[in-house]
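Have a look at the structure below before the remarks.
For the single chain, residues carry numbers from 1 onward in sequence order. Quick caveat: nothing in here was measured; it's all calculated off a predicted structure. These values consider heavy atoms only, across backbone and side chains, with no hydrogens, waters or symmetry-generated copies.
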Amino acid sequence: MTRHSITLGSVVLALTLGGACGANRNATAHTVKVADAAPPTGRLLLAEFTHGIGAVSAGTPTPVWLDANAVAAADGSSVFSIHLDGAGGNDSLVRLDPATGAVRSSWPLADRGLSVSAVAPNGQWIAMTNRRTGYGDQHRSTTTLVVFDTQLGKDTRRLELKGDVQPEAFSTDGAQVFALDYRGDHYRVQTIALDTQQRYDTSDRDKRLPPEDMHGQPVHGVMGADRTLLATLYRNPGNAKEPAFVHVLDLVHAYSYCADLPAPFGTGAPGTDAIELTSADTVVVAATEAARLAEIRIEDVHQLPDKPVRVSFRSGTISLPDAAFRSMAGFEFVIAPVAAAAP
């Protein structure tokens with residue numbers, strides 16, 4: 001990924017669920033209220049687990065709740081899951097209360113065997129597929145994509161896609177889905193136009209550059225404050241020159257940008273690279289073992305391609321999650337604080 005121009009600056013649980021990472025969450029289990037969970041002692045935080053989404057609280061050794069089928073919007077604004085009605089045998093799309101895990105809304109689904117793949121901020125649009133939930137090539141020859149509009153209360157699109165395709169985000173107007181098209185040892189970022197059902201490789205910010213084969217494993221994605229940019233940290237330790245990168249999707253203009261990160265980023269043990277959105281709406285990536293930071297001004301991605309995306313490097317680190325969280329089985333990262341309920 002050396003083709004991208006970058007400006008550098010020197011300083012500027014007691015709970016266990018079966019299965020493995022990427023296992024199918026579309027099972028009969030619904031939201032789990034952890035029976036022996038201690039009362040929360042701090043603010044509730046929405047968290048990603050290898051098996052779903054839950055709420056945690058500082059100083060509490062178990063999740064307050066956990067749903068193995070759930071997927072959250074990247075900004076933590078909404079959580080959705082697939083629940084199976086044991087009596088009728090019908091799958092339902094459900095919206096969960098981030099604080100309690102309780103079902104807020106429910107819609108029956110015409111298709112069975114779907115999993116939630118992507119959730120738009122505030123939960124208006126939900127992308128579901130017949131893939132098992134999770135990143136990685138599942139060697140599928142075809143993928144069913146169903147888009148559900150929660151304001152209309154119904155499916156609005158159903159597409160049969162060639163290959164193993166994982167929806168990752170919606171454009172801000174809901175007209176497009178951005179997805180990963182897995183191709184064995186690599187993948188392509190693609191755009192799916194829902195009205196026309198056209199599907200094509202997502203263009204680079206500099207449209208003169210050809211589409212690029214991508215490699216690496218995702219760590220965590222964060223969304224800009226105005227919800228127009230999604231920045232995801234990837235590790236690719238096999239690439240000695242560029243062992244990590246941040247992939248930024250422009251959700252307004254439907255193009256992408258990669259900010260390449262040199263060692264020590266991506267070279268430490270799994271779990272030692274982290275990404276956070278700052279109060280200045282920049283992204284900070286930390287190689288925590290090496291105490292090294294990279295700050296990426298993701299708002300530059302909206303600018304013309306002849307203006308470089310600014311990246312600065314300096315010594316420092318960011319705080320890792322509470323030790324109690326890291327001891328929970330399957331805990332991966334905190335998504336966002338749970339918003340206080342309206343009075």
Side-chain angles (χ1 to χ4, degrees), residues 1-12 74-76 168-169 178 189 202-209 212 214-253 255-321 333-337:
M1 300 176 197
T2 54
R3 69 190 192 189
H4 306 287
S5 60
I6 297 177
T7 300
L8 304 182
S10 58
V11 185
V12 180
D75 63 350
E168 191 173 36
F178 303 103
V189 180
T202 303
S203 67
D204 190 275
R205 176 172 172 257
D206 184 346
K207 298 184 183 299
R208 298 169 300 177
L209 298 175
E212 185 177 11
M214 307 283 287
H215 301 80
Q217 294 296 318
V219 176
H220 181 193
V222 295
M223 183 167 281
D226 66 358
R227 297 172 173 173
T228 64
L229 292 162
L230 176 64
T232 304
L233 172 63
Y234 283 78
R235 285 168 48 96
N236 187 21
N239 186 331
K241 187 176 181 181
E242 298 161 357
F245 62 93
V246 174
H247 183 258
V248 186
L249 271 173
D250 185 317
L251 305 178
V252 178
H253 303 105
Y255 53 66
S256 66
Y257 178 83
C258 280
D260 301 311
L261 301 176
F265 301 96
T267 60
T272 61
D273 291 285
I275 183 171
E276 284 188 359
L277 185 72
T278 73
S279 58
D281 212 24
T282 63
V283 161
V284 170
V285 176
T288 58
E289 285 185 333
R292 194 71 175 153
L293 293 176
E295 185 169 12
I296 305 168
R297 302 187 182 281
I298 57 172
E299 74 276 9
D300 290 348
V301 174
H302 282 321
Q303 305 303 314
L304 295 174
D306 60 347
K307 296 184 178 180
V309 173
R310 292 166 290 173
V311 180
S312 59
F313 295 93
R314 63 181 183 269
S315 297
T317 189
I318 58 180
S319 299
L320 292 174
F333 54 82
V334 170
I335 300 171

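Annotation for Glu289: atom CD counts as buried by contact number, over 12 foreign heavy atoms lying within 6.0 Å.
Across every non-hydrogen atom of Pro243 and Ala240, the tightest pair is CD-O, 3.9 Å. Residues Leu293 and Phe265 approach most closely at C-CZ, 3.5 Å, considering heavy atoms. Contact detail for Ala287 and Pro264: the closest heavy-atom pair is CB-O, 4.0 Å. Contact record, Phe313 with Arg292: CB-NH2, 3.8 Å, taken as the closest heavy-atom pair. Taking each heavy atom of Gly266 and Pro237 in turn, the nearest pair found is O-CG, 3.5 Å. The shortest non-hydrogen separation linking Ile298 to Ala231 is CG2-CB, 4.3 Å.
Atom CD1 of Ile275 and atom CG of Leu233 lie 5.0 Å apart (nearest 0.5 Å). Atom CZ of Arg297 and atom OG1 of Thr278 lie 8.0 Å apart (nearest 0.5 Å). Annotation: the span from Asp250 atom CG to Ser256 atom OG amounts to 9.5 Å, rounded to 0.5 Å. With values rounded to the nearest 0.5 angstrom, Leu277 atom CG is found 11.5 Å from Ile296 atom CD1. Atom CD of residue Glu168 and atom NE2 of residue His247 lie 7.5 Å apart, to the nearest 0.5 angstrom. Going from atom CE of Met223 over to atom CD1 of Ile335 covers 12.0 Å, rounded to the nearest 0.5 Å.
Asp226 meets the side chain to side chain contact (heavy atoms under 4.5 Å, CB included) test with Thr228; sequence neighbours excluded. The salt bridge (charged side-chain N to carboxylate O under 4.0 Å, His left out) test applied to Asp75 returns Arg227, not counting sequence neighbours. Take Asp300 and apply the side chain to side chain donor-acceptor pair (under 3.5 Å) test, not counting sequence neighbours, and it matches Arg310. Looking at residues two or more places apart in sequence or on another chain, you find a side chain to side chain donor-acceptor pair (under 3.5 Å) between Asp206 and Arg208.
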- request: Report the C-alpha distance between His220 and Glu276 in whole Å, list the side-chain angles of each, state the deciding distance to 0.1 Å, and finish with yes or no for side-chain contact (heavy atoms from CB on, under 4.5 Å).
  value: CA-CA 9 Å; His220 181 193; Glu276 284 188 359; over 6 Å; no
field: From CA spacing to verdict: side-chain contact (heavy atoms from CB on, under 4.5 Å), Cys258, Glu242
entry: CA-CA 11 Å; Cys258 280; Glu242 298 161 357; over 6 Å; no
query: Which is it for Leu249 and Val189 under the side-chain contact (heavy atoms from CB on, under 4.5 Å) test, yes or no, and what are the steps along the way?
result: CA-CA 10 Å; Leu249 271 173; Val189 180; 4.2 Å; yes
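Checked by atom type and distance alone, the side chain of Arg205 pairs as donor or acceptor with a backbone atom of Leu304 at under 3.5 Å. Checking side-chain atoms of Tyr255 against main-chain N and O of Val301 turns up a donor-acceptor pair under 3.5 Å.
The stretch residues 214-224 participates, sequence neighbours left out, in no salt bridge (Lys or Arg N to Asp or Glu O under 4.0 Å) pair at all. A side chain to side chain donor-acceptor pair (under 3.5 Å) check over residues 262-274, counting only residues at least two apart or in different chains, returns the pairs Arg235-Asp273.
By the 30° and 60° cut-offs, the orientation of the rings of His302 relative to His253 is perpendicular.
Tested against Val246, the residues Leu261, Thr232, Val219 include a single side chain to side chain contact (heavy atoms under 4.5 Å, CB included) partner, Leu261.
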